[in-house]
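Report on the structure given below.
Quick note: residue numbers are just sequence positions, from 1.
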Amino acid sequence: MSVLIVTGTGTDVGKTIATAALAACLPGRIAVVKPAQTGVAPSEPGDLAEVTRLSGCTDVFEFARYPDPLSPHHAARRCNLPALDMATTGMRIAELDNQYDSVLVEGAGGLLVPYNDDDGWTLVQLAQKLQAPMMVVARADLGTLNHTALTVRVIKDEAIELAGIMVGSWPREPGLPERYTVFDLAAMDDRSELSGILPAEMATMRDFTEQARAALAPRFGGTFDWSAFRSSV
């Protein structure tokens, strides 16, 4: 694995926790990139600070920051700051790819959120430029199937490799919707399995790395067994 783009079905689905879990478990030297951080003031800790706190990964790179809690293209225009250019963004990530064993790129919001007003590029175009696979982080509650199916369909239609689908927050006591939904989510992946099930409130757990290993599939440095999980649900 080289560059892996972490996207989601929307905002607050657990992308940052998933990125931190991957950073904690993948072997070798890891870099984490957040191309655009929105909704955070210059002096405040952003998503990358949370990744470092949880995973211990200190090689983190933020290319742009906008204080308003908006999509990157609106946030940049509102505060009169330069929007991200895709060519430059891709070049900087490619340079990091030459220095690290894996580069994790955490997107903003969902898959098709625009990063600038000029060409409206999204993570789709970035993944195509970098020839990078995408990990989709989704909810497990009622309503997630449509959002996840649409996200996965775009990825496949655009000839991007789907690295996997993972649940960003699995409740301690899952209800009926969650226990049925995970099977439908797994069916959306060509492997017919989920790449991880991250427990809810994982960010508050002291043994984050151990929890991450237990939650991620072996190909991402974890020990998660989908077959065993499926039998237990």
Margin query: Less than 4.5 Å apart, side chain to side chain, heavy atoms only: is that true for Val105 and Val6?
Written below: no
Note to self: For Tyr115, run the side-chain contact (heavy atoms from CB on, under 4.5 Å) check against Leu126, Leu123, Thr89 and tell me which one passes.
What the structure shows: Leu123
Note to self: Please report the interatomic distance OG1(Thr16) to CG(Leu48), rounded to the nearest 0.5 Å.
What the structure shows: 8.0 Å
Next item on the list: Supply the atom-to-atom distance Glu158 CD to Arg153 CZ, rounded to the nearest 0.5 angstrom.
Entry: 13.0 Å
Next item on the list: Give a yes or no on whether Gln128 atom CD has more than 12 heavy-atom contacts from other residues, nucleotides or ligands under 6.0 Å away.
Entry: yes
Next item on the list: Begin with the C-alpha distance, continue with both residues' side-chain angles, and end with the deciding distance and a verdict on side chain to side chain contact (heavy atoms under 4.5 Å, CB included) for Leu104 and Val33.
Entry: CA-CA 6 Å; Leu104 303 173; Val33 175; over 6 Å; no
Item checked: ILVMFWY network linking Met205 to Val137, side-chain heavy atoms under 4.5 angstrom -> yes
Margin query: If hydrophobic clusters are built by linking Ile, Leu, Val, Met, Phe, Trp and Tyr wherever their side-chain heavy atoms come under 4.5 Å apart, do Met166 and Tyr180 end up in the same one?
Written below: no
Notebook entry, point to check: Between Val233 and Val167, is there a shared hydrophobic cluster once you connect ILVMFWY residues whose side-chain heavy atoms come closer than 4.5 Å?
Noted result: yes
Next item on the list: For the residue pair Phe61 and Ile93, establish whether any side-chain heavy-atom pair is separated by less than 4.5 Å.
Entry: no
Item checked: Any donor-acceptor pair under 3.5 Å from Asp68 side chain to Leu70 backbone -> no
Next item on the list: To the nearest 0.5 Å, tell me how far Leu112 CG sits from Thr151 OG1.
Entry: 7.5 Å
Check: Under the side chain to side chain contact (heavy atoms under 4.5 Å, CB included) criterion, do Asp59 and Gln99 qualify, and how do the steps go?
Finding: CA-CA 11 Å; Asp59 293 336; Gln99 303 171 42; over 6 Å; no
Checklist line | Test side chain to side chain donor-acceptor pair (under 3.5 Å) applied to Asp117 - qualifying residues, sequence neighbours left out | finding: Arg77
Next item on the list: Determine whether more than 12 heavy atoms belonging to other residues, nucleotides or ligands lie under 6.0 Å from atom CG of Leu142.
Entry: no
Checklist line | Heavy-atom pair of closest approach, residues Ala23 and Cys57 | finding: CB-CB, 4.3 Å
Note to self: Donor-acceptor pair, distance only, cut-off 3.5 Å: does the side chain of Thr88 make one with the backbone of Asp85?
What the structure shows: no
Next item on the list: State, to 0.1 Å, how close Val51 and Thr19 come at their nearest heavy-atom pair, and which atoms those are.
Entry: CG2-CG2, 4.3 Å
Note to self: Can you confirm whether Pro177 sits close enough to Asp141 that some side-chain heavy atom of one is under 4.5 Å from a side-chain heavy atom of the other?
What the structure shows: no
Note to self: Is there a side-chain contact between Ile197 and Phe224 in this structure, where contact means two heavy atoms from C-beta onward sitting under 4.5 Å apart?
What the structure shows: yes
Item checked: Close side-chain approach of Glu161 to Ile155, heavy-atom, < 4.5 Å -> no
Margin query: Counting only heavy atoms not in Glu210 (residues, nucleotides, ligands), do more than 12 fall under 6.0 Å from its CD?
Written below: yes
Margin query: To the closest 0.5 Å, what do you measure between CZ (Arg53) and OG1 (Thr58)?
Written below: 15.5 Å
Note to self: Could you check whether Glu95 pairs with Arg92 (Lys NZ or Arg NE/NH1/NH2 to Asp/Glu carboxylate O, under 4.0 Å)?
What the structure shows: no
Next item on the list: Show your working on side chain to side chain donor-acceptor pair (under 3.5 Å) between Gln125 and Thr122 and close with a plain yes or no.
Entry: CA-CA 6 Å; Gln125 287 74 42; Thr122 71; 2.9 Å; yes
Margin query: Within this structure, what is the CG-CG distance for the pair Asp118 and Asn116, rounded to the nearest 0.5 Å?
Written below: 5.0 Å
Notebook entry, point to check: What is the minimum heavy-atom distance between Ile17 and Ala203, and which atoms define it?
Noted result: CD1-CB, 3.6 Å
Checklist line | Nearest non-hydrogen partners of Gly164 and Asp189, listed with the distance | finding: CA-OD2, 3.2 Å
Check: With the threshold set at 4.0 Å, does a side-chain nitrogen-carboxylate oxygen contact exist between Lys34 and Glu106?
Finding: yes
Next item on the list: Using a 4.5 Å cut-off on heavy atoms from C-beta on, say whether the side chain of Val154 contacts that of Ile160.
Entry: no
Next item on the list: Establish, yes or no, whether the cationic atom of Arg78 lies under 6.0 Å from the six-membered ring centre of Tyr66 and within 45° of the ring axis.
Entry: no
Notebook entry, point to check: Distance-only, no hydrogens or angles: does the Arg65 side chain make a donor-acceptor pair with backbone N or O of Ala41 under 3.5 Å?
Noted result: yes
Next item on the list: Answer yes or no: is there a side-chain heavy-atom contact under 4.5 Å between Pro67 and Cys79?
Entry: yes
Check: Are Val182 and Leu162 linked, directly or through other ILVMFWY residues, by side chains that come within less than 4.5 angstrom of each other?
Finding: yes
Checklist line | Cationic N near anionic O, under 4.0 Å, Glu193 to Arg219 | finding: yes
Next item on the list: Taking all heavy atoms of Lys15 and all of Gly107, pick out the closest pair and write down the distance.
Entry: CE-O, 3.4 Å
Notebook entry, point to check: Do His147 and Val13 have side chains that get closer than 4.5 Å, going by heavy atoms?
Noted result: no
Item checked: Whether Thr144 side chain and Arg139 backbone form a donor-acceptor pair below 3.5 Å -> yes
Notebook entry, point to check: Looking only at heavy atoms, which two atoms of Ala108 and Pro72 are closest? And how far apart?
Noted result: CB-CG, 3.9 Å
Next item on the list: Verify side chain to side chain contact (heavy atoms under 4.5 Å, CB included) between Leu4 and Met135, making sure each step is shown before the conclusion.
Entry: CA-CA 7 Å; Leu4 175 63; Met135 172 67 73; 4.2 Å; yes
Next item on the list: Tell me, with the steps shown, if Val3 and Val103 meet side chain to side chain contact (heavy atoms under 4.5 Å, CB included).
Entry: CA-CA 5 Å; Val3 177; Val103 180; 4.2 Å; yes
Notebook entry, point to check: Salt bridge check: are Asp225 and Arg230 linked by an N-O gap of less than 4.0 Å?
Noted result: no
Next item on the list: Treating Ile, Leu, Val, Met, Phe, Trp and Tyr as nodes and any side-chain heavy-atom pair under 4.5 angstrom as an edge, say whether Val113 and Leu84 lie in one connected cluster.
Entry: no
Check: Is there a donor-acceptor pair under 3.5 Å between the side chain of Thr148 and the backbone N or O of Leu145?
Finding: no
Item checked: Distance, nearest 0.5 Å, that separates CD of Gln211 from CG of Leu198 -> 10.0 Å
Checklist line | N/O donor-acceptor pair under 3.5 Å between Arg191 side chain and Ala163 backbone | finding: yes
